[in-house]
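In what follows, residues are counted from 1 in the order of the sequence shown.
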Amino acid sequence: MTTTQVDRRAILAAAVTVIAWASAFVAIRSAGTDYPPGALALGRLACGSVVLLAILAVRREGLPPRAAWPGILVSGVLWFGLYMVVLNWGERKVDAGTAAMLVNIGPILIALLGGWLLREGFPPRLFAGLAIAFGGAVVVGLATSGGGGSSLLGAALCVLAAVAYGCGVVAQKPALRHASALQVTTFGCVAGTVFCLPFSGQLVSHVPHASAAATLNMVYLGVVPTALAFTTWAYALARTSAGRLGATTYISPALVVVMSWLFLGEVPVVGALAGGLLCLVGVAVARSKPRAAASAPVPAPEPTATASPDTASPDTASPDTASPDAASPDAESAPEAEPVVPVRRP
């Protein structure tokens, strides 16, 4: 398989992830009305774990190597568990504009931590694109905000969600060197489910009273945005840098605007459209590669002349030792020639 084929598959996997995660925001609006944050996170992760374990059993991949477990457990607790709980909680305490500004620092943290801990460097184009896309995400959030109030607790929860997200992705990257994307996602999801078990009482008590639409949306969150999207994310992460892949997620705000229009009947305002366009431009800049510098012209090698037996001795080591009598009669009128590189004879 060529490098181009691998890159195209990684881009396709990232596209599936971004679309699925964008749809999650629409599904959370329905499920979140009947389920509290912890219960919703547990139900989502439990559904995802069941699907992933079934696929793992069918593929007979088994347990990941020991070297992969530290990254799996850290990403599972931080990203699958803590992130989902505090994000669901924080979004109920702050308005959309504040949530967009705080939660979307996650990709920036990924780029910073990836450049430092994963030695991916700090490409100027990446950070320029992140800045543009982050501004677009904030514009989308402000344009779609209902003007609700914000609390210090809600802001802290959104920042904690962004930090958990960034640290979880950076921890997951090394694990993918030792285990497959399916293994890393499956056991990360299981770790997140275990982390959320304290909310099992809430989940059990709310299921009988929740609407069918809310419960179906919770199941959808577990199957598509979790089981499918996190696996395609891991596949893409194993084949590209964490910083560039994190920047790709800034496409989600633009997709959320479109999906809310199609499925919820929310006609987007001009500010939301402009912010979505900024997000797309930022992602394009972040994922672009600098043009290869034009290679300097290589000077043509100087012609090598073989000394003639009539003008040089076989033992001649340098043109400086040649007799002036051996020069051509027209030497004075001829242009200065390139120095002759002598050839030693065996």
> Does any non-hydrogen side-chain atom of Leu42 lie less than 4.5 Å from one of Ser200?
yes
> What's the spacing between Ile28 CD1 and Thr33 OG1 if we round to 0.5 Å?
12.0 Å
> Between Trp233 and Val169, is a side chain to side chain contact (heavy atoms under 4.5 Å, CB included) present by the stated rule, with each step listed?
CA-CA 10 Å; Trp233 165 275; Val169 170; 3.7 Å; yes
> For the residue pair Ala181 and Leu176, what are the closest heavy atoms and their distance?
CA-CD2, 3.9 Å
> If every non-hydrogen atom of Ala214 is compared with every non-hydrogen atom of Asp34, which pair is closest and at what distance?
CB-OD2, 3.4 Å
> With side chain to side chain contact (heavy atoms under 4.5 Å, CB included) as the criterion, how do Val18 and Trp21 come out once you've worked through the C-alpha distance, each side chain's angles and the decisive distance to 0.1 Å?
CA-CA 5 Å; Val18 170; Trp21 284 352; 5.7 Å; no
> Could you tell me whether the side chain of Leu255 reaches within less than 4.5 Å of the side chain of Ile19, counting heavy atoms only?
yes
> Main chain of Gly168, side chain of Ser75: is a donor-acceptor contact present, judged purely on distance under 3.5 Å?
no
> Heavy-atom distance under 4.5 Å between the side chains of Phe134 and Tyr250, does that happen here?
yes
> Please answer: with hydrophobic residues joined when any side-chain heavy atoms are less than 4.5 Å apart, are Val219 and Phe199 in the same cluster?
no
> Drop me the distance from Ile110's CD1 to Leu130's CG, to the nearest 0.5 angstrom.
9.5 Å
> Are Val85 and Leu87 joined in one hydrophobic group, where the rule is that I, L, V, M, F, W and Y side chains link up if heavy atoms are under 4.5 Å apart?
no
> Taking all heavy atoms of Pro198 and all of Phe195, pick out the closest pair and write down the distance.
CD-O, 3.3 Å
> Between Leu221 and Cys47, is any pair of side-chain heavy atoms under 4.5 Å apart?
no
> Hey, does the side chain of Asn217 reach the backbone of Ala31 with a donor-acceptor pair shorter than 3.5 angstrom?
no
> Donor-acceptor check, side chain of Gln183 to backbone of Glu61, threshold 3.5 angstrom: yes or no?
yes
> Do Leu56 and Leu52 make a side-chain contact, defined as non-hydrogen atoms from C-beta onward lying under 4.5 Å apart?
no
> Looking at every non-hydrogen atom in both residues, tell me the closest pair between Ser23 and Pro225 and how far apart they are.
OG-CG, 4.3 Å
> The criterion is side chain to side chain donor-acceptor pair (under 3.5 Å); which residues satisfy it with Ser241, sequence neighbours excluded?
none
> Give the cluster check for Tyr83 versus Leu78: same hydrophobic cluster or not, with ILVMFWY residues linked at side-chain heavy-atom distances below 4.5 Å.
no
> Indicate yes or no for a side-chain donor-acceptor contact from Thr17 to the backbone of Ala229 under 3.5 Å, with no hydrogens or angles considered.
yes
> List for me each residue that meets side chain to side chain donor-acceptor pair (under 3.5 Å) alongside Asn88, sequence neighbours excluded, and say none if there are none.
none
> Using a 3.5 Å distance criterion without hydrogens, assess whether the side chain of Thr240 forms a donor-acceptor pair with backbone atoms of Leu237.
no
> Determine the minimum heavy-atom distance between Thr248 and Ala14, stating which atoms define it.
CG2-CB, 4.4 Å
> Is there a path of hydrophobic side-chain contacts, each under 4.5 Å between heavy atoms of I/L/V/M/F/W/Y residues, joining Leu82 to Val74?
yes
> If I compare all heavy atoms of Cys189 with all of Gly48, which pair ends up nearest, and what's the gap?
SG-C, 4.0 Å
> Just so I know, are the side chains of Phe80 and Val190 near enough to count as touching, which here means a heavy-atom distance under 4.5 Å?
no
> Hey, could you give me the CE/NE2 distance between Met218 and His206, rounded to the nearest 0.5 Å?
11.0 Å
> To the nearest 0.5 Å, what is the distance between CG on Leu197 and CG on Leu45?
10.0 Å
> Between SG of Cys167 and CG of Leu109, what distance do you get to the nearest 0.5 Å?
7.5 Å
> If only atom types and distance count, is the side chain of Glu120 paired as donor or acceptor with the main-chain N or O of Ala242 below 3.5 Å?
yes
> With the side chain counted from C-beta on, respond yes when Met84 and Arg44 share a heavy-atom pair under 4.5 Å apart, and no when they do not.
yes
> I'd like to know if the side chain of Thr249 and the backbone of Gly246 have a donor-acceptor N/O pair within less than 3.5 Å.
yes
> Side-chain heavy atoms under 4.5 angstrom apart, residues restricted to Ile, Leu, Val, Met, Phe, Trp, Tyr: same cluster for Val77 and Val194?
no
> So, taking the atom named CG in Leu40 and the one named CG in Leu203, what distance separates them when rounded to the nearest 0.5 Å?
9.0 Å
> May I have all residue pairs that pass side chain to side chain donor-acceptor pair (under 3.5 Å) and include part of residues 184-197, sequence neighbours excluded?
Ser49-Thr193
> Is the side chain of Thr226 donor-acceptor paired with the backbone N or O of Val223 at a distance under 3.5 Å, no angle test?
no
> I'd like to know if the side chain of Lys173 and the backbone of Leu118 have a donor-acceptor N/O pair within less than 3.5 Å.
no
> Would you indicate whether the side-chain heavy atoms of Phe122 and Leu126 approach each other to under 4.5 Å?
no
> Between the side chains of Tyr235 and Ser180, does any donor sit under 3.5 Å from an acceptor?
no
> Can you label the angle between the Trp79 ring and the Tyr165 ring as parallel, tilted or perpendicular, going by 30° and 60°?
tilted
> When you look at CH2 of Trp89, are more than 12 heavy atoms from neighbouring residues, nucleotides or ligands closer to it than 6.0 Å?
no
